[in-house]
Every structure is written in C-alpha cells, then in structure tokens.
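Order of listing sets the numbers, starting from 1, for every ligand and every atom in it. Since we're looking at a predicted model, the values are computed, not measured.
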Amino acid sequence: MYSYNPKSKCADEFINHEEIQETLQYARENRHNRELIQEILEKAKQRKGLSHREAAVLLDCDLEDKNQEIFALAEQIKKDFYGSRIVMFAPLYLSNYCVNGCVYCPYHAKNRHIARKKLTQEEIRREVIALQDMGHKRLALETGEDPVNCPIDYVLESIKTIYSIKHKNGAIRRVNVNIAATTVENYRKLKEAGIGTYILFQETYHKESYLKLHPTGPKHDYNYHTEAMDRAMEGGIDDVGCGVLFGLELYRYEFAGLLMHAEHLEAVYGVGPHTISVPRIKRADDIDPGVFDNGIDDDTFAKIVACIRIAVPYTGMIISTRESKECRERVLHLGISQISGGSRTSVGGYAEEEPEEECSEQFDVSDKRTLDQVVNWLMGMGYIPSFCTACYREGRTGDRFMSLCKSGQIENCCLPNALMTLKEYLMDYASEDTRKKGEELIEKEIGSIPKEKVREIVKDRLLQIQQGNRDFRF
Ligand code: SAM
C-alpha cells in the first residue's frame, strides 16, 4: 500500500488512489457545508490557488448561490490574469502509426481500416505553408506512438523543417509537442530542438481503469506514463501541459488527479503545469463515445473549467475544436486561455482535403469554422485573438513565466504582444470584415496598456507592421 506524498517521484504516491478516494468523500460530505465553502471561496479570492481537497469541495458544491459565486470568481480570475486575450494555435498531425491499444482512439494498432500515414519532410513543408497561409504561428505536433515508423529522430527532423519554413510573411514561431511518454534523453533532445510546451494527456488518473483502457503496447505502463512530466522536467523542459480525456472515468476522480499532478510538479520542480487541456471523448473511425459510461454534460464541463481556473490561476487552459462553437463560447470566459482554429485532425489534412475513404482523422471536429471565422467571432465577443509566441523565445519559461504572471506585468507585456501579432494577422491573412473589426479593437485596446512608455512603443511598432516589418515582441 502506497501513501500520499506530493514530493515523491513514484506515480502511486503523488497520484495516490486512497488520497483521491478520501478527497471525494470529504467533498461529498461537505457539498452543502456553507461555512466551509465560503471559507474556501475567501481563500480562492486571494488568487493563490487551492489544494485539490478544497477545489474538490467547490466542484461538488450543490448550493445554487455558491455555485453562482464560483462561476463569477472564475470569470474574474480569468480577466485579472489573462485579460481578454485568447492565444491561437493549430494541431499538426505528423503520423498516425501506433503500436498501442488505447480503446478510445482510432489509431489503436488493431484498427486495419484507417489509412496509416506519415508525412515526408516535403509533405510537412506543404502542411506548414498551408498553416502559415491561414495565419497560424503556433502549432501542436501530434503523433501516434511507434518507435519504428515514427522514431524521435523523425520528430526532431520535422521540428527543424517546420521552424525553417518562411513562406511570404509566415513563420511558425512556437512548436508544442504532444507525443507519447519518452525518456529523459529524448526530452532533452526535444528541448534542444526548441519546442515550446511538452503536452501529454494522462487520459485517466485511475490506475485500474488506465490499465484496462490501454490493454497493450508501451502506453499500458501507467507509472511510466504518469511519471513522464518528471522526466520531461529532468530533460530541461519546464513548460509541460497536462490533461485528461473526460468521459473515461468519473470526472471528480480525474479532477482531483489533475490537481494532485499540478501540486506534485510544483512541490518537486517549483513550477506547475504551463497548461491544462480539457478534451472530451469524440466519435472517431471505429470509436463510439456512447460506450464510455462517464461522459459529462455541458453544465458539468463548465463547472470543471471554472473550478480548474480557481484552483490553478497561473495555468493556461486549452480547448480544442473537439468542442462546438456554443460550448467553446460558454467556457471561454470561465477560464480558457488558448483555443485552436481551422483544425484538421487527419495526417496531411491542411494542404489537401483528405478523400473520405482514407480517413486518417483522430476524431471528429465539432467546430469546423476557418481560422478567420474563429478570429472574427472572438473579436465580436470582445476577446483579443493573440498569435503571440514571445515568452519562450525570450526565455520566459517555467518559473520565469509564472513570475511574470505573479508580478502583474502581464498587461505591459502580453497585451502589447497580443495586439502586435493580431495586427500582423490582420495585415497578412484577414478577410475584409475581420480586418475592420480588428483595427477597431486594436485602437481601443492600446489605451488599456498601463505604462505610457510601452503604449508609445506599441503605437510605433504597429505603424512599422503596417509598413511591412514583422516579428516585434516584448
Ligand atoms: N499518442 C500520444 C500519446 O500516447 O499520448 C498523444 C497524441 S494523441 C494524437 C492526442 C490525444 O488525443 C490523446 O492523448 C487522447 O487524449 C486524445 N484522443 C484520442 N482519441 C480520442 C477521441 N476518440 N476523442 C477525443 N480525443 C481523443
């Protein structure tokens, strides 16, 4: 029997089953404990986050008025830390060869009817040009796990190719990587290749379920998978992105597990996850989401997003095009700080639409709008779509990024970067209507930059962007 220890590097101790069970019981017993819930909300208002136990009580709270307070606080924290900026990205699928047996994923090794594809460097070039022509500056690389067909050297070579392509005014300035758990040595190589965030979804923190959901292949090793972020940190990657696939297990369990993972990284490395993603299972080639019993409805989903926002205020939150426009709209103001747009989840889907019979897609996309439509929609709601990639290029990763958040300097740094990269987008890629809306938004938002000196520099740089110069950043 293992005991709970956030400082341990053993998965069974930092994600401890008994501790989660006790947390869920504690939350259940206190779900209408008005006094305790008020106390937790008071602590949350200090914006220093909550423990997994405290956050679990808020998630379970069933007092209507307190739930309203939870949503209002999440919204306020979102505004205080991220203003109205929303960072844009797109996934790029390099290969769907996979040796694992994940029961929820159509890439599983036994699926004989999806087309298996792996992009050549020339095909990557075409994909990247298509993505640059949409206006993207930040990518998340995705692959299945296959040491023979998709070895680390291929991923490294692909990253090099991606960074080298400069088509017209386009450039991919930040490549995040979502590949299977790997060794410290490989994480070091990824770091040297200049990746932004290393993303790995836990899928589920419930070990017994995890073993059943991943019956075969290297991913079956729960501890190796769960300890991946530790190895990434040891390999020098200090921006890591966590997430669970909601629908596989009880959401309360996953919520507690996610926060315990964040607490563990903070306790051992002094920095929690850079981002948390909140994917839900979707229909895919031979996958029917209906067979998983733990699907969550949109109300529960919104509550989860709000409670994560309150529990880890400095951690970015990502939502993908797995979710519909309506669902994305609902959770944006509750805590989401990054969204994808114009995404394709097939291998090679950007340069050319995939013929239906080939179907290399990982899952059905719900939000099928173009990037321009997403940008336009965001601005219509008062958000500033940001194509900023400055932090990691300026060495502000890990705790240096966190201290930028904590210092309150974000409005003098992130806001200008957001406005300047939006201006680039408007000049190079936007439709007429989007450009008009964007120019008005920039004009209005310049006034929100607190320091006058910074404001003046931004005005000057916006003018320079208008004249054809690119890539300014603070
Ligand atoms: N293969 C890598 C690994 O082993 O972690 C990760 C890359 S995979 C392309 C990205 C993520 O897609 C997975 O971690 C999983 O959570 C998610 N995913 C798989 N099947 C899905 C489905 N049917 N619906 C929604 N998301 C899915």
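For the pair Val305 and Ile308, the minimum side-chain heavy-atom distance is 4.5 Å or more. Inter-residue side-chain proximity for Arg252 and Arg28 is flagged as unmet; no heavy-atom pair is nearer than 4.5 Å.
Counting heavy atoms closer than 4.0 Å to ligand 1, residue Cys105 contributes atoms from both its backbone and its side chain. Contact annotation for Leu200 and ligand 1: only side-chain heavy atoms (C-beta onward) come within less than 4.0 Å of the ligand. Residue contacts with ligand 1, taken as heavy atom pairs separated by less than 4.0 Å, involve Asn178 via backbone and side-chain atoms alike. Looking at Arg283 against ligand 1, nothing comes within 4.0 Å, counting heavy atoms.
Listed by number with element, the atoms of ligand 1 under 4.0 Å from a non-hydrogen atom of Arg280 are 25 (C). Of all atoms in ligand 1, numbered sequentially from 1 with element shown, those under 4.0 Å from a heavy atom of Ile281 are 24 (N), 25 (C).
Looking at atom 19 (C) of ligand 1, its nearest protein heavy atom turns out to be Gln362 NE2, 3.3 Å. At the top of the distance list for atom 4 (O) of ligand 1, counting protein heavy atoms only, stands Lys219 NZ, 3.2 Å. Ranking protein heavy atoms by distance to atom 1 (N) of ligand 1, first place goes to Thr143 O, 3.0 Å.
For Asp286 and His113, the side-chain atoms include no donor-acceptor pair closer than 3.5 Å. If you check the side chains of Asn376 and Thr434, you find a donor sitting under 3.5 Å from an acceptor. In this model, a donor atom of one side chain and an acceptor atom of the other lie less than 3.5 Å apart for Glu13 and Ser8. Side-chain atoms of Glu142 and Asn178 include a donor-acceptor pair closer than 3.5 Å.
Of the options Phe201, Tyr104, Tyr93, the smallest heavy-atom separation from atom 11 (C) of ligand 1 is shown by Phe201. Across the listed options Glu361, Arg322, Lys282, Glu145, Arg322 owns the non-hydrogen atom lying nearest to atom 26 (N) of ligand 1.
Residue-to-ligand polar distances place Glu203 within reach of ligand 1: an N/O pair is separated by less than 3.5 Å.
The aromatic rings of His17 and Tyr253 lie tilted to each other, with the angle between the two planes from 30° to 60°. Taking the six-membered ring where tryptophan is involved, the planes of His225 and Tyr210 are tilted, since the angle between them lies from 30° to 60°.
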